[in-house]
Amino acid sequence: MSASIAIVGAGPTGTCLVERICANAAELLSWPSLDIHVIDPYPPGGGRVWRERQPDLLWMNSAAADVTLFTDESVRCVGPIRPGPSLAEWLGCDPGRFVPRPVQNAYLTHVFQRAVDTAPRGVRVHVHRTRVLDLTDVPGGQAVRLEDGTTVEVDAVILAQGHGDVTPAADERRLTALAKESGLRYVPTGYTADLDLGQDRLPPGEPVIVRGLGLAFVDLMVLLTSGRGGRFVREHDGELVYLPSGREPLLHVGSRRGVPYHAKTAYPYRGLRPPEPRFLTARALGEGPWNFRRDVWPLVAKELAFAYYHELINSHPRRVRIGWAEFAERFAAEEWRSSGMRLLIRKAVPRHADRLDLDRLDRPLDRIRFGDQAGLHRWMDGYMAADLARRSDPAHSADHALILGLLSVNGVLAELGISDRWFEGFFSYVASGPPGPRLEELKALARAGVVTFLGADTRVEHRGGRWVAQSPTLPGVVTARTLVEARLPAPSVSRSTDPLISALRDRGEIDESAGLLRVRPADRRLLDRSDTPHPRRFAFGPWVVGGRVTGGFARPGLDAPLFRHADALARIVLSEAVTTQIRHVA
């Protein structure tokens with residue numbers, strides 16, 4: 001007798017699941033035989049996004065010390081802890097180094113292979129370098145039909161594909177048609193490493209309108225500058241200067257906020273760990289459905305402020321007037337945005353620069369207007385310089401505590417099955433920004449005139465045979481023959497090009513919420529359109545409702561939700577894969 005499990009997707013999420021299943025197998029298998037089928041057209045470990053074949057110029061956006069796929073003693077899970085090196089420890093490099101993505105691929109390959117090599121006797125891992133076309137129910141399990149013409153029968157299937165391709169949205173189709181009719185160029189959303197960014201599409205010296213200032217823009221910026229032969233040099237006064245190659249296009253970039261994501265913190269966090277979430281609870285939320293900004297955000301914001309002020313008051317007591325015990329008691333009693341809360345913070349924190357203003361943090365250009373481009377350029381130059389300085393200074397460790405608070409809140413939202421695109425964008429903007437050196441390069445590119453900022457709430461229209469961009473931040477317009485969407489495609493089950501997702505969707509065997517796969521939060525079973533959980537199908541990762549915390553990697557020593565959720569799912573699937581009658585978890 002042998003139990004069998006299929007994991008669809010061999011990137012970091014699938015690799016973490018393989019490790020947790022192997023770690024728990026010896027305890028939970030009633031006989032020592034298990035076949036794990038890992039299915040992905042890309043090599044296991046890195047998968048598609050972290051594949052080896054991509055430019056070394058593209059870096060990870062997390063420092064090497066903040067990346068691990070191994071559990072440690074901080075992880076509160078039922079299964080065994082199997083420690084292993086962080087990326088920095090594995091490389092033996094500077095903990096603050098941001099490594100090229102092909103190097104991360106090597107680390108992920110190591111994690112996957114170690115899970116396979118240390119699996120208990122009788123556990124076999126089979127890698128299928130192909131795609132899954134469909135799943136069907138068969139007596140006692142699932143038939144997994146593969147693109148290579150074979151079919152694998154298993155007891156249970158876990159979908160862990162991560163981010164996938166989607167067909168263009170309606171607006172992208174409209175803009176593509178307009179570009180074709182007018183002889184213009186349009187680059188829709190996509191993974192930057194997969195885009196055609198050749199000089200025939202983005203010619204040297206030509207203006208290009210770019211929408212997006214997040215991580216996809218940073219990759220685009222790198223490939224169109226350093227990737228075309230430009231060089232950064234540091235002057236005697238320490239200022240970073242860009243020396244163009246002459247092959248760069250001229251990037252006019254704007255977005256909803258009009259500013260780039262905040263740089264990663266460049267110092268090790270030495271403060272106290274923020275308190276566990278205590279305000280964002282199922283009891284406080286009451287019965288759903290919820291409107292995120294009205295019902296959930298006030299509790300999230302209170303948690304974030306609690307984490308921020310916990311660090312400020314405890315680690316920098318000379319900058320506050322109230323001790324933590326008194327502040328915490330009074331803070332807990334007040335509603336977020338109440339006059340009592342505002343009075344408490346003003347009394348406790350005398351310096352305005354030390355107070356947390358989440359609205360200003362989210363929209364720094366809100367209601368600011370400039371008379372010309374030079375004025376916005378000076379403001380942006382100062383904004384980026386201030387961000388780099390603050391993110392490099394442990395005197396502002398409360399900012400780092402805020403990021404840790406965001407990570408904790410994300411875990412709670414995942415457990416509650418709550419997902420919101422605005423909050424995911426806010427999280428990325430505050431906590432998942434580029435390495436500091438990349439922001440410094442952007443600052444140098446703006447000074448060199450290769451990048452020009454358009455402002456907040458940038459709008460792009462097709463007018464007079466050109467793309468026309470404008471923003472309320474500035475008077476006037478910018479015109480160009482090329483428009484680039486520097487954004488990843490939003491998840492969308494209904495527009496997915498994955499043949500498996502398409503097949504399940506067309507039969508009504510999966511459902512979506514805000515573009516994400518719906519699962520039952522208690523056990524991550526796939527829900528169909530009638531809200532019925534499937535006994536043998538599960539889903540895990542960033543394309544799943546509440547799954548943001550179960551995609552990517554984890555920080556060591558922080559009880560990462562990725563490991564807790566992966567361990568719990570591994571134990572559920574193992575327990576049920578070995579039974580003849582699948583047990584329905586209430």
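Using a 4.5 Å cut-off on side-chain heavy atoms (C-beta onward), Val222 and Trp59 make no contact. Looking at heavy atoms from C-beta onward, Leu197 lies out of side-chain contact with Val484 at the 4.5 angstrom threshold. Two residues are said to be in side-chain contact when any heavy atoms from C-beta on lie closer than 4.5 Å; Ser255 and Phe217 fail this criterion. Using a 4.5 Å heavy-atom cutoff, the side chains of Leu483 and Val187 are not in contact.
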Next item on the list: Let me see the working for Phe553 and Trp50 under ring-ring contact (aromatic ring centres under 6.0 Å, His included), right down to the final yes or no.
Entry: CA-CA 12 Å; Phe553 324 109; Trp50 301 99; 5.1 Å; yes
### Message
Asp137 vs Gln142, test: side chain to side chain contact (heavy atoms under 4.5 Å, CB included). Steps then yes/no.
### Response
CA-CA 5 Å; Asp137 294 321; Gln142 294 288 288; 2.5 Å; yes
Working for side chain to side chain contact (heavy atoms under 4.5 Å, CB included), residues His128 and Val144: CA-CA 12 Å; His128 305 263; Val144 185; over 6 Å; no
Evaluate the criterion side chain to side chain contact (heavy atoms under 4.5 Å, CB included) for residue pair Tyr191 and Leu488; output intermediate values, then yes/no. CA-CA 6 Å; Tyr191 295 92; Leu488 296 180; 3.5 Å; yes
Any chance you could lay out the side chain to side chain contact (heavy atoms under 4.5 Å, CB included) test for Val166 and Glu172, step after step, and finish with the verdict? CA-CA 12 Å; Val166 296; Glu172 291 180 302; over 6 Å; no
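Between Glu27 and Arg571 there is a salt bridge, since at least one side-chain N of the basic residue sits less than 4.0 Å from a carboxylate O of the acidic one.
A cation-pi contact, defined as under 6.0 Å to the ring centre and within 45° of the axis, is absent between Arg555 and Tyr269.
Between Ala486 and Leu220, the closest heavy-atom pair is CB-CD2, 4.3 Å. Of all the heavy atoms in Ala570 and Asn24, the pair that sits closest is CB-ND2, 4.3 Å. When all heavy atoms are compared, the tightest approach of Ala539 to Leu517 is CB-CD1, 4.3 Å.
Ring geometry, Trp422 versus Phe426: the interplanar angle falls under 30°, so the pair is classed parallel (tilted spans 30 to 60°).
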